[in-house]
Amino acid sequence: MRAGPSQEEIRRHNLGVLLRHVHLGGPTSRAELTTRMGLNRSTIMALTADLTAAGLVREELPRVTGRAGRPSLVVRPESARVYVLAFDIGVDRLVAARVGLGGVILDRREAARERGAFDLPEVAGRLAAFTGEMLAATRGDTLCVGVGVSFSGGVRGADGVVRFSPNMGVSDLPLGPELARRLGLDIPVAVGNDANLGALAEQSRGVGVGTRDLVYLHGDVGIGGGVIVDGRLLGGHGGYGGEVGHMVVNAGGRPCPCGARGCLEAEVGERALLEAAGRFGRQVGRDAVRAVVDAAGRGDFVAQEALARVGDWLGIGVASLVNIFNPEVVVFGGTLREIFLGAAAQVRSRITTDALPAAREGLRLRTPALGEDATLAGAAELAFAQVLADPLDALARVGG
């Protein structure tokens, strides 16, 4: 018979739970933490003392109190001292940020990225240069506790290797190891699929806060999906679950970079919209998609037809996802935000027609509260994962 958890294991677990409350919820009183965690006041006081001694939080008197008697101390994350590095590698842009505990962006760098063959040494060098600039501006008492990367493709989480990415044109790309080598921080680099990270970010900090079943769809050149079921990200056997962009919605339809035909991303992605609008080749990226949506809003018949066609296929795909996963919220991120806003009526009509009434009951369709930074925020949360799981062990590993 397996023995139950030791007192030390329980303590470490509770430290992580308390730190997560403060990290995601912001400054929180001891009294509120006592209620949320179901622990007594003396235990909460001991846990906050441990986290304060480790430099992860600080305690202070509340700024305003309407209650009589001694006020409960407020526990705040040490955002300026403890941080992670977050990178978002997109088709058209590179973003690097220094994100403090609590999700505060302390510093940020961004650059356009030319489309074409993916040059790993060039990308890693650019991000390393951004990192050098940001670290040079930090105080001496700060501590980096993790590095997280968002990338469009199927990622092997164990070592940060991108197994496949049709739209980036890479396979078995050693992204995590190369970035770790170039950064030289002696900290593991965690790499995640961009849509999965967007789903985690929106569920923890965005429109999905408080929900346990959510689908996040991210449009770039193609479409990725992150699925959260009962509060947990759907990973799949090898960690490549949620590739809803390669769900066939139109058998024998448009060719997809993955080799199949009629995938959701082939019928709804950037190229499908621009070709239908007669604009492919003039301009690419989010600005090109916005231009079609804007033209449709101004009465351009060709743009309206293109948007309606793409919106119809998007609705068909979402209806299938609703039938399979029965989510409470579907979030449209990246370029899909623009497409959904321009074709919301078409998308809703298809869902009403094709989704089971019980499965779509109470369904909410939303755009990201975190905007274009949803995937970057997800990369930061990926980087914070270890310190939130076991704060003291994570600090020991990074020398804090």
Side-chain angles (χ1 to χ4, degrees), residues 14-30 32-33 36-37 44 47-64 72-88 95-110 130-150 183 185 187 189-190 197 200-206 209 369-400:
N14 286 336
L15 284 170
V17 172
L18 193 154
L19 185 60
R20 180 175 290 276
H21 277 302
V22 176
H23 172 65
L24 294 177
T28 310
S29 71
R30 276 193 197 170
E32 190 171 352
L33 289 168
R36 288 184 186 180
M37 295 179 64
I44 292 295
L47 293 173
T48 55
D50 285 345
L51 292 175
T52 299
L56 291 165
V57 303
R58 70 180 184 276
E59 293 183 287
E60 57 191 34
L61 289 170
R63 294 192 175 98
V64 178
S72 177
L73 291 176
V74 172
V75 184
R76 295 178 179 273
E78 283 284 15
S79 302
R81 178 180 182 271
V82 181
Y83 68 91
V84 297
L85 296 170
F87 303 124
D88 188 8
V95 185
R98 196 167 64 86
V99 182
L101 192 65
V104 181
I105 294 181
L106 304 170
D107 200 351
R108 177 191 176 107
R109 302 286 188 279
E110 181 171 343
F130 284 159
T131 299
E133 294 172 7
M134 292 190 292
L135 295 185
T138 62
R139 303 192 322 243
D141 64 341
T142 58
L143 180 65
C144 180
V145 296
V147 181
V149 187
S150 166
L183 294 176
L185 298 175
I187 297 175
V189 174
L197 297 182
L200 289 172
E202 286 296 327
Q203 193 230 12
S204 61
R205 295 189 176 279
V209 170
L370 301 172
E372 295 184 5
D373 278 343
T375 50
L376 180 71
E381 293 306 315
L382 181 64
F384 275 121
Q386 288 300 315
V387 77
L388 295 177
D390 191 339
L392 302 187
D393 181 68
L395 288 182
R397 288 175 183 271
V398 298

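Source: prediction; values computed, not measured.
- With sequence neighbours left out, A380 forms a side chain to side chain contact (heavy atoms under 4.5 Å, CB included) with V84, A86, V99.
- Going from atom CG of L376 over to atom CG of L370 covers 10.0 Å, rounded to the nearest 0.5 Å.
- Evaluation of the side chain to side chain donor-acceptor pair (under 3.5 Å) rule for E381 yields H23, R205 as partners, not counting sequence neighbours.
- Side chains of E59 and V74 form no contact here, defined as non-hydrogen atoms less than 4.5 Å apart.
- One distance of note links CD1 of I44 with CZ of R36; it measures 11.0 Å at 0.5 Å rounding.
- Between S29 and S72, the shortest heavy-atom contact is CB-OG, 3.8 Å.
- Using a 4.5 Å cut-off on side-chain heavy atoms (C-beta onward), V398 and V387 make no contact.
- Within the 4.5 Å cutoff, the side chain of Q386 has no heavy atoms near those of the V145 side chain.
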Step by step, work out the side chain to side chain contact (heavy atoms under 4.5 Å, CB included) result for L85 and I187. CA-CA 10 Å; L85 296 170; I187 297 175; over 6 Å; no
CA sep, side-chain torsions, deciding dist, call: L106, T138, side chain to side chain contact (heavy atoms under 4.5 Å, CB included): CA-CA 9 Å; L106 304 170; T138 62; over 6 Å; no
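- Pairs passing the salt bridge (Lys or Arg N to Asp or Glu O under 4.0 Å) check and including a residue from residues 18-28, sequence neighbours excluded, do not occur.
- Taking CG of D107 as the reference point, atom CG of L135 lies at 9.0 Å (rounded to 0.5 Å).
- Nearest heavy-atom pair, P27 versus P77, reported as atom, atom and distance to 0.1 Å: N-CD, 4.4 Å.
- Panel note: side chain T375, backbone D373; no donor-acceptor pair is recorded below 3.5 Å.
- Between S150 and A379 the shortest heavy-atom distance is N-CB, 3.9 Å.
- For V17, the side chain to side chain contact (heavy atoms under 4.5 Å, CB included) partners at least two apart in sequence or on another chain are H13, H21, M37.
- In this structure, the separation between CG on L18 and CZ on R30 is 10.5 Å, given to the nearest 0.5 Å.
- Annotation for R98 and Y83: closest pair CG-CD1, 3.1 Å, computed over non-hydrogen atoms.
- Residues V147 and T131 have side chains not in contact (no heavy-atom distance under 4.5 Å, counting atoms from C-beta outward).
- Put simply, the side chain of T28 never gets that close to the backbone of V22: no donor and acceptor are under 3.5 Å apart.
- The side chain to side chain donor-acceptor pair (under 3.5 Å) search around E133 returns R109, not counting sequence neighbours.
- Rounded to the nearest 0.5 Å, atoms CG (D390) and CG (L395) are 9.5 Å apart.
- Here the shortest heavy-atom pairing between S79 and V104 reads OG-CG2, 4.0 Å.
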Could you list the donor-acceptor pairs under 3.5 angstrom formed between side-chain atoms of residues 49-58 and any protein atom two or more places apart in sequence or on another chain?
unit_1	atom_1	unit_2	atom_2	d
D50	OD2	R11	NE	3.1
D50	OD2	R11	NH2	3.2
T52	OG1	T48	O	2.7
R58	NE	E60	OE1	3.3

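- A369 and G206 make their closest contact through CB-CA, 3.8 Å (heavy atoms, listed as atom of the first residue, atom of the second, distance).
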